[in-house]
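Residue numbers begin at 1 in each chain, while the letters A, B, ... track the order of the sequences.
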Protein chains: 2
Amino acid sequence: MQTSSLAPEGKLELELTARGIRMTRQRRVILGVIESAGKHLDAAQILRRASRIEASINRVTVYRTLNLLKKQGLVDELDLLHVRGDGHYYEPRPARHHLHITCLRCGSVSELESALFERLKGQVQREFDFDITIARVEIGGVCSKCRK
Amino acid sequence: MQTSSLAPEGKLELELTARGIRMTRQRRVILGVIESAGKHLDAAQILRRASRIEASINRVTVYRTLNLLKKQGLVDELDLLHVRGDGHYYEPRPARHHLHITCLRCGSVSELESALFERLKGQVQREFDFDITIARVEIGGVCSKCRK
DNA sequence: TTAAGTGCAAATATTTTGCTGTCAC
DNA sequence: GTGACAGCAAAATATTTGCACTTAA
């Protein structure tokens with residue numbers, strides 16, 4: 001079977017629809033941009049990419065959609081140690097929390113899932129009797145390429 | 001020996017002076033506020049407290065001092081998952097990296113030093129051949145008090 | 001003395017809100 | 001048909017910059 005080339009429904013769209021949330025042309029475009037981005041985008045970048053597909057899309061709609069997705073727990077908001085500016089970066093919420101490792105020289109971002117981190121979260125839950133919903137790990141430094 | 005009640009030199013002031021950085025009346029006040037705060041303050045809170053001591057202190061000077069301290073690696077900038085607004089919070093850089101655990105209901109912040117986290121950083125250094133300079137862990141959820 | 005720092009006003013960057021008209025269901 | 005959503009303009013929030021005056025060393 002082949003995937004349709006027009007508006008293939010992504011996970012985000014399916015999730016929102018399943019939760020009875022209305023799907024609009026604009027939302028579909030924004031969701032598609034977030035899901036198909038190979039990297040973390042900020043609001044301005046999401047707007048720029050969405051605009052190419054649907055010229056009329058407004059900045060405000062991007063922010064409102066991001067807020068909706070955050071509230072639904074479908075995307076996570078990152079700062080990436082503010083390598084570029086004071087804005088936020090977004091990614092679809094992954095199955096497992098992972099670390100973000102940002103090179104402060106070249107801005108490249110690596111990700112890491114780690115059993116140690118799972119144990120660390122367990123420690124927090126136990127020691128503070130704390131119910132974790134978000135976990136953000138942002139590590140900054142210099143990558144091997146930039147050290148050469 | 002008793003500590004002088006006027007302008008006791010804190011660690012930050014000593015560090016800056018040792019590095020040949022000029023010490024002004026305003027800086028001394030701001031450094032004092034940051035060091036003696038029992039909790040993480042944002043720029044506006046630092047300004048408010050500093051103003052009480054030295055009424056003429058300007059918002060801009062607070063930002064400029066924070067930038068100086070960041071550049072010198074003497075304070076760390078946190079987001080605390082943006083429990084209140086989109087600003088940043090500051091703390092003197094501690095000897096060891098620690099975790100920040102923020103209750104998304106009541107906004108209380110706990111801290112944790114953990115051997116597991118030290119191991120996790122080691123893993124990152126090794127697996128990515130990465131030279132870590134900053135490590136920020138921000139965990140959000142609901143504390144035990146708020147769950148009751 | 002003089003380079004660095006400060007205050008003030010204004011600019012910039014990021015995100016939100018009010019309102020009116022439109023569209024998904 | 002109607003309540004949720006979009007666009008536009010304007011406001012709110014957070015931070016930085018240009019410039020003239022002041023001060024630490």
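Using a distance-only test at 3.5 Å, with no hydrogens or angles considered, no donor-acceptor pair links the side chain of T102(A) to the main chain of L104(A).
As a whole-Å value, the separation of K71(A) NZ from dC5(D) P is 10 Å. For L68(B) and dT6(C), the CG to C1' distance is 14 Å, given to the nearest whole Å. As a whole-Å value, the separation of E13(B) CD from dA24(D) C1' is 13 Å. For the pair D86(A) CG and dA11(C) C1', the interatomic distance rounds to 15 Å; values are reported in whole Å. Distance, L66(B) CG to dG5(C) P: 15 Å, rounded to whole Å. Nucleotide dT14(C) holds its P atom 11 Å from the CZ atom of R48(A), rounded to whole Å. Taking atom NE2 of residue H82(B) and atom C1' of nucleotide dT13(D), one finds them 13 Å apart after rounding to whole Å.
Along DNA chain D, the nucleotide nearest T65(A) and the nucleotide nearest V60(A) are compared for position; the residue whose nucleotide lies closer to the 5' end is T65(A). Toward the 5′ end of DNA chain C lies the nearest nucleotide of A44(A), the other residue of the pair I21(A) and A44(A) mapping further downstream. When each of E77(B) and M23(B) is assigned the nucleotide of DNA chain D with its nearest heavy atom, E77(B) is the one assigned upstream, toward the 5' end.
Listed nucleotides dC8(C), dG5(C), dA10(D) differ in distance to R27(B); the shortest reach to its side chain belongs to dG5(C). Of the candidates dA6(D), dA9(D), dA14(D), dA6(D) carries the atom nearest the Q26(A) side chain, counting heavy atoms from C-beta on. Between dT15(C), dA24(C), dG18(D), one nucleotide has an atom nearer to the side chain of R64(B) than all others, and that is dG18(D). Checking dG7(D), dT15(C), dG7(C) against the side-chain heavy atoms of T61(A) singles out dG7(D) as nearest. With dT14(C), dT16(D), dA24(C) as the choices, the nucleotide that has an atom nearest any side-chain atom of Y63(A) turns out to be dT14(C). Comparing dG7(C), dA4(D), dA10(C) by their closest approach to the side chain of R22(A) singles out dA4(D). Listed nucleotides: dC5(D), dT17(D), dA9(D). Nearest to the side chain of T24(A): dC5(D).
A salt bridge links R136(B) and D79(B); the closest N-O separation between the charged side-chain nitrogens and carboxylate oxygens is under 4.0 Å. Salt bridge E15(B)/R19(B): present, at least one basic N to carboxylate O contact under 4.0 Å. Ion pairing between a basic and an acidic side chain is recognised when a charged N comes within 4.0 Å of a carboxylate O; K70(B) and D76(B) show no such pairing.
Phosphate proximity of dT6(C) to N58(B): absent, as no side-chain N or O sits under 4.0 Å from OP1 or OP2. A close approach under 4.0 Å does occur between a side-chain nitrogen or oxygen of S56(B) and OP1 or OP2 of dG7(C). Of the side-chain N and O atoms in H88(B), one or more sit less than 4.0 angstrom from OP1 or OP2 of dT15(D).
For the residue pair H100(B)/E91(B), the side-chain donor-acceptor check at 3.5 Å is satisfied. A donor-acceptor contact under 3.5 angstrom links the side chains of H40(A) and E111(A), judged on distance only.
Residue side chain R25(B) does not reach the base of dG5(C) through any donor-acceptor N/O pair under 3.5 Å, judged by distance alone.
As judged by a 4.0 angstrom heavy-atom cut-off over every strand, N67(A) is placed among residues touching the sugar-phosphate backbone only.
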